[in-house]
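Contents: one structure, followed by commentary.
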Amino acid sequence: MSGTQLTLNLLEGSVSFSFTPDAARELKAAFAELMTNLKTVAAAKTDPKSAGKPQRLKSMEYRYVGEVFLEMECNPNIWPTPFAAKVLVTVRDDRIRLMAEAELTRAIEDVNQYLEHFG
C-alpha cells in the first residue's frame, strides 16, 4: 500500500517521499524511545551522584523499505540534551542516495504533522 508524501526538513533543505501511516507510527515510537534515552543521558550528566563511567545507551536505528529505503540513526550518548540532538537521515532508491542531518525535534514535528492527516 502506497502512502502519502512525508516531508522531512533537513538542516539544509528538505526531502519528500512516499510513506505509510503505519511506518510513521513505528518511527514515532522509535523517536519516543530515543527521547527517553536522551533525557536519561542528559540527567546523568548533570547528576553529581552519577560520577564515574556513564551508562552507554543503544543508538536508534530505524529502517523503512517501501518505494524508497529510509534509515534514521541517532546516538543518544553524544548529545548534551534532546534539543541539541540530530539524526542522520539516509533516503535512497535505485537512482539516488541522499544522506543528511536533521534536527531531532524538527523530525518529530514532521512525523507528527504527517500523522495528523490520518487522525
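As the structure is a prediction and not an experimental result, all values here were calculated from the model.
In this structure, the side chain of Gln5 engages the main chain of Phe17 through a donor-acceptor pair within 3.5 Å.
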### Task
List the steps, then state whether ring-ring contact (aromatic ring centres under 6.0 Å, His included) holds for Phe69 with Tyr64.
CA-CA 6 Å; Phe69 172 83; Tyr64 166 77; 8.9 Å; no
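Pairs of residues two or more places apart, or lying in two chains, that qualify as side-chain hydrogen bond (donor to acceptor under 3.5 Å, both in side chains) and include a residue from residues 74-92 are Asn75-Asn77.
Looking only at side-chain heavy atoms (C-beta outward), Glu73 and Val87 stay at 4.5 Å or farther from each other. No side-chain heavy atom of Tyr62 sits less than 4.5 Å from a side-chain heavy atom of Cys74. Residues Phe19 and Leu27 meet the side-chain proximity criterion, which asks for heavy atoms closer than 4.5 Å. Between Met72 and Met60, the closest side-chain pair of non-hydrogen atoms falls below 4.5 Å. Val15 has its side chain out of reach of Thr7: every pair of non-hydrogen atoms, C-beta onward, lies at least 4.5 Å apart.
Within 6.0 Å of CD on Glu33 lie no more than 12 heavy atoms contributed by other residues, nucleotides or ligands.
In plain terms, the two heavy atoms of Ala24 and Leu115 that are nearest each other are CB-CD2, 3.6 Å. Across every non-hydrogen atom of Asn9 and Ser14, the tightest pair is OD1-CB, 3.7 Å.
Of the options Leu10, Leu70, Ile96, a side chain to side chain contact (heavy atoms under 4.5 Å, CB included) to Val91 is made by Leu70 and by none of the others. Each of Leu34, Thr36, Leu104 was checked for a side chain to side chain contact (heavy atoms under 4.5 Å, CB included) with Pro76, and the lone residue meeting it is Leu34.
Connection of Val89 to Ile78 is established within a shared hydrophobic cluster, with ILVMFWY side chains joined at heavy-atom distances below 4.5 Å, either directly or through further cluster members. Taking hydrophobic clusters as Ile, Leu, Val, Met, Phe, Trp and Tyr residues chained together by side-chain heavy-atom distances below 4.5 Å, Val111 shares a cluster with Ile108.
A salt bridge does not link Glu26 to Lys28: none of the charged nitrogens lies less than 4.0 Å from a carboxylate oxygen.
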